[in-house]
Colleague: 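I am attaching a structure below and will ask some questions about it afterwards.
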Amino acid sequence: MTQSVLEIRGLEKSFRMHHLDNQLHAFSGIDLELSQGEFVLLKGANGVGKSTMLRTIYRTYLPVAGEVIFHSARGRIDLARAADIDVALLRAEEIGFVTQFLVARPRVAAEEIVAEPLILSGKSRQEAIEKARHWLNVFGVKEKLWRAYPTTFSGGEQQKVNLARALILPRRLLLLDEPTASLDVGARSALVNRLGELKAEGVAMIGVFHHPGDVQELIDRTIDLSVETKPRDMEPLNVAV
Amino acid sequence: MIAPENVKLAAPQFVTTPPVLTMRNMAKVYGDVVAVDNVDVTAYRGEVLGIVGESGSGKSTLLRMMNLEEQPDHGNYKLDIKKDIDNLFELDRFAQRQIQSRHIGIVYQNPHQGLLMKHSSSGNVAERLLIAGERSFAVLREKASDALASSEFPLTRMDAPPIELSGGMQQRVQLAKAIALEPELLLLDEPTTGLDVSVQALVLDTLKRLQQQRKITMVIVSHDLGVIRTMADRVMVMKSGKVVEQGLVDQVFQDPQHPYTQQLVHAKL
């Protein structure tokens with residue numbers, strides 16, 4: 001029997017905008033289960049809350065209500081209410097978030113950025129850099145750029161660095177926020193191959209893709225958020241702070 | 001509907017090691033001004049805790065208390081390295097200095113505060129080692145040069161006094177001095193304010209690298225949100241001596257809950 005990785009029940013998110021004295025409703029009543037090696041595609045029109053949902057699971061956004069039960073290698077934990085330090089630990093070890101945007105530190109070389117998760121997980125610097133170069137090569141970043149600072153790279157090159165970093169370490173759960181946007185054909189197929197490998201290794205994934213056709217062969221289930229959630233709406237903010 | 005700030009997060013479940021630093025109910029009043037108003041701080045091993053807030057919010061006072069430079073009006077301060085001492089503020093000044101010099105490193109915004117500007121850079125670092133009882137000249141020089149090298153300071157200039165160095169180099173000397181005794185806790189008070197942008201990036205990179213290699217617990221105070229976003233894992237937002245919000249750095253910056261944090265984040269260029 002495949003093991004459950006994530007159980008989401010009644011998840012709800014809204015944003016409080018104090019300067020407008022309003023709150024913006026994003027979604028509510030989301031239920032979802034995800035098992036090892038399963039790939040779930042989130043779909044729905046722009047603004048329906050697909051990326052918001054990924055960020056709420058990752059705890060970049062604080063859920064307003066509901067549970068996000070994650071079956072970690074360390075045990076069961078509700079990500080919606082977990083202590084910040086536990087979430088930070090799980091992000092370092094088990095939960096990955098892949099976006100189209102690179103968060104690069106200035107004056108840090110591309111290969112260093114990619115190698116960092118491996119070094120933090122305890123691998124030797126040399127081994128980590130070798131693996132980083134391998135993945136930079138797979139995603140099509142030219143060798144002459146490996147020692148350069150990605151802050152100066154084109155959008156597509158930055159994204160390749162970002163993907164190499166995000167996928168260098170197998171995770172238990174991967175959240176994919178439009179990782180194929182602005183990638184060329186070669187990098188896109190390298191990404192799909194890598195996601196396929198990770199899926200075969202048992203990594204569970206939830207993804208938002210602008211062109212779902214890119215990952216068609218990996219999709220086990222599709223969830224349409226336009227059906228699952230009510231439309232975004234503004235509500236008056238009447239909670240004392 | 002439940003408001004997020006009314007939702008209490010659980011106690012740590014997986015991180016079961018005791019925090020490196022625990023402060024409870026810290027308070028300090030200067031005349032009519034409440035600088036720090038019943039603040040709690042917890043920092044875990046190997047994490048970077050950022051503290052942001054406008055000038056006068058109490059963030060630097062809090063950092064000085066962590067460095068045992070400032071005695072609070074009341075409050076409890078415990079370091080894991082001194083498990084048997086329940087409150088470091090109850091120790092006499094001599095015992096506090098011992099802990100401060102051996103277990104806590106600090107980098108100030110102004111190098112004049114942390115360095116003897118006319119003594120050699122290596123001498124400034126060696127001073128720390130002397131306090132810890134090291135007396136052999138050869139060992140002092142070797143350890144000082146190791147600390148300077150780890151701070152990415154060019155060793156060809158190790159005998160130059162800080163007064164002859166650039167701002168970025170002076171900060172590296174402060175950093176070398178701060179890490180010379182391999183402290184459990186490294187405190188940074190606006191470490192890159194006043195440096196030009198390219199030097200700022202180099203100093204931050206050095207700090208991050210050192211922190212990752214040595215798994216030091218770091219507390220960094222800055223009014224620059226970009227510095228905190230680059231460096232910190234968790235962040236506390238202070239206003240008028242109080243902590244108005246705290247959380248994971250991406251959450252506080254992308255989904256701020258408190259009106260003041262929303263103002264602060266939206267005001268960033």
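Residue numbering restarts at 1 for every chain, and letters A, B, ... go by the order of the sequence lines. Remember, predicted model here, so these are calculated numbers, not experimental data. Note that these values count all heavy atoms, side chains included, but never hydrogens, waters or copies made by symmetry.
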Colleague: How about B:K78: does its NZ atom have over 12 heavy atoms from other parts shown lying under 6.0 Å from it?
Modeller: yes

Colleague: Using non-hydrogen atoms only, which part of A:I119 is less than 4.5 Å away from chain B: side chain, backbone, both, or neither?
Modeller: neither

Colleague: For A:A88, is it the side chain, the backbone, both or neither that has a heavy atom under 4.5 Å from a heavy atom of chain B?
Modeller: both

Colleague: Between B:Y44 and chain A, with a heavy-atom cut-off of 4.5 Å, which part of the residue counts as in contact: side chain, backbone, both or neither?
Modeller: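 Only the side chain of B:Y44 comes within 4.5 Å of chain A.
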
Colleague: Heavy-atom distance under 4.5 Å to chain A: side chain of B:E47, backbone, both or neither?
Modeller: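 Just the side chain, heavy atoms under 4.5 Å.
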
Colleague: Tell me, out of B:R209, B:Q254, B:Q200, B:Q13, who's got the most heavy-atom pairs with chain A below 4.5 Å.
Modeller: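 Greatest number of close heavy-atom pairs with chain A: B:Q13.
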
Colleague: For residues B:E190 and B:H223, is any side-chain donor paired with an opposing acceptor at under 3.5 Å?
Modeller: yes

Colleague: Can you tell which part of B:Q262 gets under 4.5 Å to a heavy atom of chain A, answering side chain, backbone, both or neither?
Modeller: side chain

Colleague: What part of A:L89 lies closer than 4.5 angstrom to a heavy atom of chain B: side chain, backbone, both or neither?
Modeller: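 Contact with chain B: side chain only.
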
Colleague: Considering only heavy atoms, which portion of B:S198 lies under 4.5 Å from any heavy atom of chain A: side chain, backbone, both, or neither?
Modeller: both

Colleague: Does any donor atom in the side chain of A:E12 or A:S28 lie under 3.5 Å from an acceptor atom in the other side chain?
Modeller: no

Colleague: Would you say the side chains of A:T99 and A:D177 form a donor-acceptor pair under 3.5 Å?
Modeller: no

Colleague: Pick one of side chain, backbone, both or neither for B:Q246, based on which atoms fall under 4.5 Å of a heavy atom in chain A.
Modeller: backbone

Colleague: Check whether any side-chain heavy atom of B:P111 sits under 4.5 Å from a side-chain heavy atom of B:P162, and report yes or no.
Modeller: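 They are not in contact (no side-chain heavy atoms under 4.5 Å apart), so the answer is no.
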
Colleague: Under 3.5 Å, is there a donor-acceptor pair linking the side chains of A:E94 and A:S72?
Modeller: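 Distance-only check passes for A:E94 and A:S72.
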
Colleague: Could you look at B:D250 and say if it's the side chain, the backbone, both or neither that has a heavy atom under 4.5 Å from chain A?
Modeller: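 Contact with chain A is through both the backbone and side chain of B:D250.
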
Colleague: Determine whether the side chains of B:S222 and B:D224 contain a donor N or O and an acceptor N or O closer than 3.5 Å.
Modeller: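 Looking only at side-chain atoms, B:D224 and B:S222 do not form any donor-acceptor pair under 3.5 Å.
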
